Amino acid sequence: MAKFIVVGSGAAGVAAALELVRRGVRPLLLDVGYTNHADLPRVHGNLYDYRRGHDSFDLHIGPDLGGLASALANEPGVAKLNAPNMAFVTRDADRLAPLEQTHFQAVQSFAAGGLGNAWGAGLYRWTENDLDNFPIALSALQPYFDVLTREVGISGQDDDLSRFFGDPAGLLPPLTLSYNARLAHDAYLKKRDALQRAGVYLGFPRVAALSRPHNGRPACDYNNLEFWQAQPYIYTPVVTLQEMISRDQIDYRPGMLVHSWQENDNAVTVQATDIHNQAPLQFTGSTLLLAAGAINTARIALQSRNDFSTRLPLLENPILQIPLILPRSIGRRLDTHAFGLVQLNLVWQSAGHGTLLQGSLIELTAPMRSEFFGRFPLSARGNLAAMRTLLPAMMMMQLYYPGSAQPPAELSLSPNGRLRIVAPPHNLDRGALAPLLAALRSLGLWTHPALIQQPPTGHAIHYAGTLPMNDDPAAYQCDPTGRLHGTRRVFVADSAGFPTLPAKNMSFGMMANAMRIAATAAGS
Amino acid sequence: MLKQADPTSGERAFEAQSVYWALFRGDAPFILIQRYEQAARQLDGAANPGDISAIHQLLAQRADLEAAELAGRLTGRLPLLTRKFSAMTYLAETLPDHQRFYINRRSSLAGGVMMLTWAGMLTAVKLARGLWLLRSVRRG
Ligand SMILES: Cc1cc2nc3c(=O)[nH]c(=O)nc-3n(C[C@H](O)[C@H](O)[C@H](O)COP(=O)(O)OP(=O)(O)OC[C@H]3O[C@@H](n4cnc5c(N)ncnc54)[C@H](O)[C@@H]3O)c2cc1C
């Protein structure tokens with residue numbers, strides 16, 4: 001009998017397993033665990049140099065035209081997930097965990113390392129403010145943030161955002177800014193006092209991309225390939241997973257789709273299917289840690305009780321995508337040697353919203369230029385001209401709202417095995433953005449409200465709150481240690497346990513919390 | 001000038017040539033035609049027959065597809081044509097000799113402003129023509 005069973009090898013599962021390993025436990029880790037089998041040549045050097053010398057069809061689109069998925073479906077998609085080298089991240093999700101969705105577009109992963117394979121790697125410590133309504137104190141997470149900062153390697157700087165992004169101890173130096181990001185940052189430093197009076201703070205992100213070699217991994221080479229293939233300088237949960245496997249610290253079993261558990265006085269038994277031959281399998285342990293992602297952890301909980309009537313809440317950060325133009329950069333050559341993900345963060349203490357909102361300013365050098373075809377109200381050749389002359393002068397700001405900015409979606413299990421997710425239609429109030437847009441203009445970043453888009457709910461890919469922690473838990477809630485109500489041996493280690501969702505990329509908080517829960521489970 | 005495609009290569013090859021011409025003013029490389037045909041098959045498979053027929057008429061008339069696409073996009077009337085343009089744009093971007101259509105390698109503010117001014121003027125002309133063109137196509 002295994003002592004500890006962990007389900008899922010995403011950011012939460014790997015962090016939980018890491019903590020168990022640190023405590024001398026060798027957990028059994030059950031996972032579907034797809035890996036990248038795309039037989040694609042690896043690009044060395046710079047994306048744009050490569051494209052000048054090679055047909056990049058296989059890199060960008062692939063023989064099944066997967067890279068064109070959003071264009072062919074005319075649906076907003078997540079460009080990075082369409083890349084042939086990223087197809088494994090969402091592989092078979094519709095088949096293994098079918099969904100029926102209304103006003104929600106969930107992304108699910110059954111990959112080793114989960115969604116983290118494709119993440120933007122923004123890993124932000126939480127502060128007391130982020131733990132609003134959590135039944136735990138920040139001090140319970142701090143030691144794990146410290147351990148993870150060392151394990152992961154996070155670039156950033158002690159700057160005006162430290163008050164929102166927590167203790168900067170252990171950060172590696174920040175990555176080099178792109179030309180446009182440098183302009184905006186310089187403008188901020190000149191106008192900082194006025195901007196701060198307006199509640200606007202700008203600074204470096206905390207990003208799990210190495211600015212110098214760390215733990216045997218190389219530093220970022222600024223080659224713009226972040227969307228197209230795994231980069232060794234970007235941390236993903238697979239880094240830690242592979243380390244634990246190679247040191248034989250965990251018993252990793254890929255190919256297992258977990259359905260449910262049953263508990264008795266002495267043990268918990270997990271029912272799973274081997275996805276290769278459909279054989280039913282059982283695993284017995286003394287403690288079960290669920291980390292299948294907030295949606296699939298909830299699915300397993302509902303399936304374990306054959307419950308087709310309960311509706312669970314599902315939180316997500318609503319987002320706005322704000323295209324920004326730097327008029328000074330119009331006609332500039334494309335910055336072909338930039339870090340292609342988040343360059344800067346902005347925090348807005350919005351009086352109108354009564355809360356903090358977080359913006360990620362993203363370079364547009366990594367996606368294909370064609371991603372922007374039709375976004376300019378110009379003819380086809382006018383669009384090509386804009387892609388050439390305007391895109392090098394543009395950045396995109398993804399503005400995150402707290403989960404409480406819209407009513408939660410509802411999640412329930414249908415007898416046909418589908419999970420139903422129903423979100424209320426909801427439009428964020430763009431009128432309230434006026435002070436932020438004025439602040440952005442003073443940084444040289446121009447936009448027009450008509451250009452701002454609200455992607456469908458689900459596109460932040462920060463799912464949480466299906467089995468929330470509570471001091472006094474009811475059915476389908478956890479106590480502050482993560483133990484699921486009505487069970488003795490089942491703990492929720494992922495973001496399913498969050499009672500609220502701050503306006504912040506959530507994964508680092510989730511990883512620290514997963515370690516805390518693993519530590520408590522190991523101690524109990 | 002746009003050439004009629006080799007009659008053996010079929011309607012989709014002609015469509016590929018026409019869309020390519022509207023975007024790049026030249027003859028489409030063979031590999032691009034092949035890839036476009038695959039994408040167009042998927043698009044047509046899921047499209048509304050009215051849209052397919054409207055595009056056939058535009059092709060048969062040798063109409064200005066750039067104009068029709070723009071008017072369709074701005075009025076929300078012919079999404080299939082925009083998707084076909086979009087697919088061609090993606091596919092062409094993967095070819096080494098097409099990088100110059102997408103990537104600016106020399107900085108020039110004046111050049112950029114002139115290019116955008118040209119794009120604005122072209123758009124005005126194409127929009128007028130496109131709105132007129134869309135009135136003339138039957139969707140059924
Ligand atoms: C493009 C993109 C950019 C992002 N950027 C950021 C960012 O910058 N910062 C940030 O904080 N977050 C970001 N995110 C979100 C982040 O990736 C996720 O929140 C996080 O990875 C979720 O981790 P998880 O462990 O909860 O679940 P997942 O990553 O979903 O992992 C679930 C794991 O459980 C396994 N599993 C699921 N169901 C079962 C089952 N029934 N049986 C067995 N195994 C199962 C899967 O195989 C997988 O290993 C981004 C996501 C994407 C896609």
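We name chains A, B, ... by the order of the sequence lines, and we start the count at 1 in each one. Being a predicted model, the structure only gives us computed values, none of them experimental.
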Do A:Gln398 and A:Gln321 have a side chain donor and acceptor closer than 3.5 Å?
yes
Heavy-atom pairs under 4.5 Å with chain B, option from A:Met368, A:Arg328, A:Met387, A:Glu371 with the top count
A:Met368
Please determine, by modelled atom types, if B:Gln99 and A:Arg52 share a side-chain donor-acceptor pair under 3.5 angstrom.
no
Residue, of B:Pro96, B:Ala22, B:Ala110, B:Gly112, that accumulates the most heavy atom pairs under 4.5 Å with chain A:
B:Pro96
Name the member of A:Gly382, A:Ala380, A:Ala393 that forms the most heavy-atom pairs with chain B at distances under 4.5 Å.
A:Ala380
Applying a strict 4.5 Å limit to non-hydrogen atoms, the region of A:Asp64 in contact with chain B is backbone
What part of A:Tyr48 gets closer than 4.5 Å to chain B, counting heavy atoms only: side chain, backbone, both or neither?
both
Which region of A:Leu334, side chain (C-beta onward) or backbone (N, CA, C, O), has a non-hydrogen atom less than 4.5 Å from a non-hydrogen atom of chain B, or is it both or neither?
both
Side chain from CB out, backbone as N, CA, C, O: work out which of these in B:Leu109 comes under 4.5 Å of a heavy atom of chain A, or both, or neither.
both
Are side-chain N/O atoms of A:His337 and A:Asn224 paired as donor and acceptor at under 3.5 Å?
no
A:His54 portion near chain B, given a 4.5 angstrom heavy-atom threshold
backbone
Around A:Asp94, counting heavy atoms of other residues, nucleotides and ligands shown, do more than 12 lie under 6.0 Å from its CG?
no
Using 30° and 60° as the class limits, which term best fits the ring planes of B:Tyr20 and B:Phe24: parallel, tilted or perpendicular?
tilted
I would like to know whether B:Asn104 and A:Arg332 meet side chain to side chain contact (heavy atoms under 4.5 Å, CB included); could you show each step before the answer?
CA-CA 7 Å; B:Asn104 203 13; A:Arg332 247 187 77 80; 5.8 Å; no
Which portion of B:Gln38 sits near chain A, non-hydrogen atoms under 4.5 angstrom
both
B:Glu93, part contacting chain A, at a heavy-atom distance under 4.5 Å
both
Contacting moiety of B:Leu91, where chain A heavy atoms sit under 4.5 Å
both
So for B:Arg100, is it side chain, backbone, both, or neither that comes closer than 4.5 Å to the heavy atoms of chain A?
backbone
With a distance cut-off below 6.0 Å to the six-membered ring centre and an angular limit of 45° from the axis, does A:Arg388 pair with B:Tyr102 as a cation-pi contact?
no
Contacting region of A:Leu390 [heavy-atom separation from chain B under 4.5 Å]:
side chain
Heavy-atom distance under 4.5 Å to chain B: side chain of A:Leu378, backbone, both or neither?
both
For B:Arg106, is it the side chain, the backbone, both, or neither that has a heavy atom closer than 4.5 Å to a heavy atom of chain A?
backbone
Do A:Ser329 and A:Asn180 have side-chain N/O donor and acceptor atoms under 3.5 Å apart?
yes
What orientation do A:Phe373 and B:Phe85 show, parallel under 30°, tilted 30 to 60°, or perpendicular over 60°?
parallel
For B:Trp118, I'd like to know if atom CH2 has over 12 heavy atoms of other residues, nucleotides or ligands within 6.0 Å.
yes
Check whether A:Asn383 gets within reach of chain B through its side chain, its backbone, both or neither, counting any heavy atom under 4.5 Å.
side chain
